[in-house]
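All values reported here derive from a predicted model rather than from experimental measurement. Each chain gets a letter, A, B and so on, in the order the sequences are listed, and its residues count up from 1.
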Number of protein chains: 2
Amino acid sequence: MAKTGDRARGGTAPALGALDFALDRGSPVPLYYQLAQQLEAAIEHGVLAPGNLLGNEVDLSVRLGLSRPTVRQAIQSLVDKGLLVRRRGVGTQVVHSQVKRPLELSSLYDDLEAAGQGPTTQVVRNEVVPAPADVAAALGVAEGGEVILLERLRCTHGQPVALLCNYLPAGLLDLDSARLESTGLYRMMRAAGITLHSARQTVGARSATAEEATRLDEKEGAALLTMQRTAYDDTGRPVEYGTHIYRGSRYAFDFQLLVRP
Amino acid sequence: MAKTGDRARGGTAPALGALDFALDRGSPVPLYYQLAQQLEAAIEHGVLAPGNLLGNEVDLSVRLGLSRPTVRQAIQSLVDKGLLVRRRGVGTQVVHSQVKRPLELSSLYDDLEAAGQGPTTQVVRNEVVPAPADVAAALGVAEGGEVILLERLRCTHGQPVALLCNYLPAGLLDLDSARLESTGLYRMMRAAGITLHSARQTVGARSATAEEATRLDEKEGAALLTMQRTAYDDTGRPVEYGTHIYRGSRYAFDFQLLVRP
DNA sequence: AAGTGGTCTAGACCACTTT
DNA sequence: AAGTGGTCTAGACCACTTG
């Protein structure tokens, strides 16, 4: 941090002098993506500190033997991720710390994953049922049409945390209960070629009914965190609709919102 | 829907035949953006129905007198918005309906906006205070340093809905209480040149204390929806930290999550 | 085999910020 | 005036999907 180190550059290259990017043109992974990954790693490991300028795009492209658009594509992907900021006339710099790991869809993935060490998930129900009105509307199927009903109880440290009730279009997926408990719904969907793309969520709070209290080991009237979600794949087709109930005393959503420029 | 209509094209142009895009090269607004806006409008108004193919990029660029990268940039922006889907070897098509208006940051904007007709917001406190530990950590200022404390009561239909408690770095903004109630915090920040970029939120549920119940016109022990948020500007600097309490009986968050590709 | 999007190049000019 | 990112062009080749 004391010296510039590279005196031949005369100070115009702020922080990127010693960085060696290894680009493999033989690799099937795109050049812009290779660059983006290595830039991200450099930021992640603190080689590029918050506020550091990246050096202008033209220099970078010459140094790396890439065209400027390719370098721009790499940088843009990191700007989209919120790791870099571009300012016309100024340059590109690493964002001012904070907000390290986005998490973003963590709540969704957590809910659907069920894997991992800590939490366990027990499948309570897994059967084909006629679709109630709200489910039919959400999944875009006929009311009374076949849908899969999945009811799970999520526990951590041997304590119940959440009651997850999900509906999926019938025939979308083979849902083996045993695999569900060990693998998680999300990975099973992914393995079946379904790519989650977006989800619409409503999160609220209400008091527990007597039955809910019993199942969640809470007192009647305890505060519950409720979540209703419809998830869509990359074609916009609804693939999952769920109603979840979490114990307010033991669970909270934690996520990040990004403003799309 | 019965005829192809344009027999000269021989059926290779699926749905875009009659669309007239007006591109103004004299305008300061970028060409790719003009195109993206008009495509989005066409989708919004149903001119391009879900599932419709868009026609290949090369044809489009020729027809519009643009280069292919420019057309791609327009399309890509709509793909990022979740309005279009691209498949190699297949084409670009309008997403299968659903998920019309994203809302996305609506909760954040709602919380900070306060404008609009329905809800009213009353500023209860607006003063400079020494930063408590959690606020100092969130805003990246010294503990005990000066921060602005903003406490507001949100009402709809004459009924209290939420208690909003926000902290901002001192000197960031001139916060006139009267303007705050009519304009909203978000617009005041925007007017001051602060661009919101991302926010980290934690949403949970708990029972109301006696004091909270009184202020929100609820019963003690009623379910409350709680939200804690730190918002960052486009340089990653924290610009707002807040703790909000909503009546579970009268409020729910409604938002959309997007998976970043 | 044909058609599609995905990637990449080597330039160009402009708008903005800083000096 | 110099330097930066923002936009745009006119090509090229490749990978994938479909008939």
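Regarding contacts with the backbone of C:dT4, every side-chain N or O of B:Arg87 stays at 4.0 angstrom or more from both OP1 and OP2. Applying the 4.0 Å criterion to OP1 and OP2 of C:dC8, one finds that A:Tyr32 has every side-chain N and O outside that range. Here B:Asn56 does not reach the OP1 or OP2 of C:dG3: none of its side-chain N or O atoms lies under 4.0 Å away. Note on A:Arg25: a side-chain N or O is less than 4.0 Å away from OP1 or OP2 of C:dT9. Between C:dG5 and B:Arg72, no contact under 4.0 Å exists linking OP1 or OP2 to a side-chain N or O. Checking the phosphate oxygens (OP1, OP2) of C:dG11, no side-chain nitrogen or oxygen of A:Ser67 falls inside 4.0 Å.
At whole-Å resolution of the value, CG in A:Leu23 and C1' in C:dC8 are 13 Å apart. Between A:Gln76 atom CD and C:dT7 atom P the separation is 14 Å, expressed in whole Å. Atom CG in A:Asp59 sits roughly 16 Å away from atom P in D:dA2 (whole-Å rounding). At whole-Å resolution of the value, CG in A:Leu64 and C1' in C:dA10 are 16 Å apart. The distance between atom CG of A:Leu84 and atom P of D:dG6, rounded to the nearest whole Å, is 12 Å. In this structure, B:Leu35 places its CG atom 14 Å from P of D:dT7, rounding to the nearest Å. Rounded to an integer number of Å, the gap from CG of A:Asp234 to C1' of C:dG5 is 15 Å. In this structure, B:Leu66 atom CG and D:dT9 atom P are separated by 5 Å, rounded to whole Å.
A pairwise comparison of heavy atoms in A:Leu139 and A:Val239 identifies CD2-C, 4.3 Å as the closest pair.
Nucleic acid contact for B:Pro69: base, since at least one base atom lies under 4.0 Å from a heavy atom of the residue.
If you check D:dT9, C:dC16, C:dT7 against the side chain of A:Arg88, the one that comes closest is C:dC16. The side chain of A:Gln73 sits closest to C:dT7 out of C:dG6, C:dT7, D:dT7. Of the candidates D:dT9, C:dG5, D:dG6, D:dT9 carries the atom nearest the B:Leu31 side chain, counting heavy atoms from C-beta on. Each of D:dT18, D:dT9, D:dG5 was ranked by its minimum atom distance to the side chain of B:Val90; first place goes to D:dT18. Of all nucleotides listed (C:dG6, D:dG6, C:dT17), C:dG6 comes nearest to the side chain of B:Arg68. Nearest to the side-chain atoms of A:Thr92 among the listed nucleotides C:dT9, D:dG5, C:dT7 stands D:dG5.
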**Study point:** Residues B:Phe255, A:Phe255; criterion ring pair (Phe, Tyr, Trp, His ring centres under 6.0 Å); working and verdict
**Key:** CA-CA 12 Å; B:Phe255 56 94; A:Phe255 56 94; 5.1 Å; yes
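Contact of the B:Ile75 side chain with the B:Val79 side chain is registered, since non-hydrogen atoms from C-beta on lie closer than 4.5 Å.
Across the strands present, D:dT7 finds its partner in C:dA12; the criterion is a Watson-Crick or G-U wobble pair with both atom distances under 3.5 angstrom. With a cut-off of 3.5 Å on both pairing distances, the Watson-Crick or G-U wobble partner of D:dT18 is C:dA1.
The residue among A:Val71 and B:Glu57 whose nearest nucleotide of DNA chain C lies closer to the 5′ end is B:Glu57.
Checked by atom type, the side-chain pair A:Arg86/A:Gln93 shows no donor-acceptor distance below 3.5 Å. Judged by distance alone, the side chains of A:Asp233 and A:Thr195 never bring a donor and an acceptor atom under 3.5 Å apart. Counting only N and O atoms by type, the side chains of A:Arg200 and A:Gln228 include no donor and acceptor under 3.5 Å apart.
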